[in-house]
Amino acid sequence: MSSGPAWSQKLRAEIGKAVVGQDAAVERLLVALLAGGHVLLEGMPGLAKTLLVKSLASAIGIQFERIQFTPDLLPSDVVGTMVFQPKSGEFTAHQGPIFANLVLADEINRAPAKVQSALLEAMQERQVTIGGQTHALPTPFFVMATQNPIEQEGTYPLPEAQTDRFLFKLLVGYPSAVEESMMVQRWGQITQQPSLSSVSSGAELLALRAEVDRIHVSPVVQNYILTLVRATRTLAENPEASARRLNFGASPRASLALFQAGRSLAWLRGMDYLSPALVQELAPEVLRHRLGLTYEAEAQEITPDAVISQVVSTTPVPPA
């Protein structure tokens, strides 16, 4: 069985054949795979979000499907529909692209909420309903969605019920000058990305989760996770409306996400316990999409990350 650092390194090396940089994003995607969670990647066009997810699927060797979200997409285009068979005179279920191990919902905020909501049952219960019949999705199953910033034209904000189902929201930024120079040198003279080999498997990924489950989380660290999450709700309950920054705080899913993702990150880094420092490191990715800013906070250009920073800095840290 692979150790965390060794497993991470072989996947990073393979993904690195196609993607330059994005080391932090790659690590978080591996954490999500180990935790069994979905990921929302937000960034401007051209930052290799789609390539990153596709390369990850190739390196692990799991079934990959891409759904390009557009304003005219229908829910049946995602989950499937019932098709009439003239010979038998019956309707049979035609499975949509959601039936894969890793589903890339590309530019998910280009489609209306009705289509976005077609993913809700799949993301939470790993099943979909077609024609009144429930169909289980493959194991393992992940949704990794990309979106452009909401300020861009022709986009729709994701409903809160859906964003809460994502383990992480990752903000993908521009590459450094050195990384962009490497891209030009590596890809400037060719027209095709290199083909990647499978260095892991879905079966290995499921087996590694048993190792992640053995990562120790002390009662004080568990309480620290709960205190951080509950602190966001306290901010939303501030009786002084003018001082309130949040309409609502993070749900219990945030506590579970910090716990599961924290153990996964600890295992990836070769640790056998979850430390408060790792919880703090993961807090922005786990919480930023689960907080509802007030209109006043948005008018003052206060970001969710600023609120999370305040919560982390004012919450007592237990000894490691």
Side-chain angles (χ1 to χ4, degrees), residues 28-29 31-40 42 108 113 116-117 119-127 137 140-145 157-171 209 212-239 244-267 273-294 297 303-318:
R28 292 298 190 264
L29 292 181
V31 167
L33 293 179
L34 291 167
H38 313 292
V39 179
L40 178 63
E42 181 177 287
I108 189 173
Q116 296 168 359
S117 297
L119 292 173
L120 289 179
E121 182 183 12
M123 293 174 67
Q124 183 63 27
E125 302 174 37
R126 265 67 174 180
Q127 66 181 31
L137 294 169
F141 173 76
F142 308 96
V143 173
M144 294 193 178
L158 299 185
E160 288 80 3
Q162 183 170 4
T163 57
D164 196 34
R165 283 168 168 78
F166 285 102
L167 178 74
F168 290 147
K169 179 180 179 181
L170 304 182
L171 304 181
R209 287 183 181 173
V212 171
D213 290 341
R214 289 195 287 269
I215 297 297
H216 176 66
V217 184
S218 67
V220 292
V221 174
Q222 290 186 39
N223 185 64
Y224 180 56
I225 291 172
L226 295 174
T227 302
L228 282 175
V229 173
R230 294 179 69 85
T232 65
R233 302 171 197 163
T234 301
L235 288 178
E237 296 167 357
N238 190 327
R244 189 184 305 133
R245 293 185 173 185
L246 298 179
N247 285 319
F248 57 86
S251 74
R253 280 199 187 101
S255 303
L256 294 172
L258 270 175
F259 184 87
Q260 295 166 342
R263 291 194 301 178
S264 300
L265 182 58
W267 182 83
Y273 67 97
L274 174 58
S275 68
L278 293 186
V279 174
Q280 294 175 339
E281 184 179 336
L282 290 170
E285 287 93 348
V286 170
L287 298 176
R288 63 167 56 108
H289 55 297
R290 293 183 162 96
L291 305 181
L293 293 175
T294 62
T303 64
D305 283 20
V307 176
I308 295 166
S309 178
Q310 174 192 346
V311 168
V312 170
S313 64
T314 56
T315 302
V317 182

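This chain uses plain numbering: 1 for the first residue, then up along the sequence.
Atom CG of Leu40 is separated from atom OG1 of Thr163 by 8.0 Å, given to the nearest 0.5 angstrom. With rounding to the nearest 0.5 Å, the separation of OG in Ser218 from CG in Leu274 is 8.0 Å. We find the CD-CD1 distance between Gln260 and Ile225 to be 10.0 Å, quoted to the nearest 0.5 Å. Atom CG of Leu167 and atom CG of Leu33 lie 10.0 Å apart (nearest 0.5 Å). To the nearest 0.5 Å, atoms OG1 (Thr294) and CZ (Arg245) are separated by 9.0 Å. Note that the CG atom of Asp305 and the CD atom of Glu285 stand 8.0 Å from one another [nearest 0.5 Å].
The backbone N or O of Val312 lies less than 3.5 Å from no partner atom in the side chain of Thr315, so there is not a single donor-acceptor pair. The backbone N or O of Phe248 lies less than 3.5 Å from no partner atom in the side chain of Arg233, so there is not a single donor-acceptor pair.
Among all heavy-atom pairs drawn from Gly249 and Ala236, the shortest one is N-CB, 3.9 Å. Nearest heavy atoms, Leu29 versus Met144: CD2-SD, 3.8 Å. Between Leu278 and Gly262, the closest heavy-atom pair is CD1-O, 4.3 Å. Heavy atoms only, all atoms of each residue included: Phe142 and Arg209 are closest at CZ-NH2, 3.2 Å. Residue Gln280 comes nearest to Pro284 through the heavy atom pair O-CD, 3.5 Å, listed as atom of the first residue, atom of the second, then distance. Residues Leu293 and Asn247 share a closest heavy-atom pair of O-ND2, 3.2 Å.
Using a 4.5 Å heavy-atom threshold, the side chains of Val221 and Ser275 count as separate. Proximity of Trp267 to Arg263: side-chain heavy atoms (C-beta onward) are nowhere separated by under 4.5 Å. Residues Ile108 and Leu119 are in side-chain contact: their nearest non-hydrogen atoms beyond the backbone lie under 4.5 Å apart. Between Arg288 and Leu171, the closest side-chain pair of non-hydrogen atoms falls below 4.5 Å. Under the 4.5 Å side-chain criterion, counting only non-hydrogen atoms from C-beta, Leu235 is not in contact with Leu291.
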*Give the C-alpha distance, both sets of side-chain angles, the deciding distance and a yes or no for side-chain contact (heavy atoms from CB on, under 4.5 Å) between Gln162 and His38.*
CA-CA 11 Å; Gln162 183 170 4; His38 313 292; over 6 Å; no

*Give the C-alpha distance, both sets of side-chain angles, the deciding distance and a yes or no for side-chain contact (heavy atoms from CB on, under 4.5 Å) between Leu158 and His289.*
CA-CA 10 Å; Leu158 299 185; His289 55 297; over 6 Å; no

*Could you walk me through whether Val311 and Thr234 pass the side-chain contact (heavy atoms from CB on, under 4.5 Å) check?*
CA-CA 10 Å; Val311 168; Thr234 301; over 6 Å; no

*Can you check side-chain contact (heavy atoms from CB on, under 4.5 Å) on Val286 and Phe168, steps first, answer last?*
CA-CA 5 Å; Val286 170; Phe168 290 147; 3.5 Å; yes

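We find that Glu281 and Arg28 are joined by a salt bridge, their nearest charged nitrogen and carboxylate oxygen being less than 4.0 Å apart.
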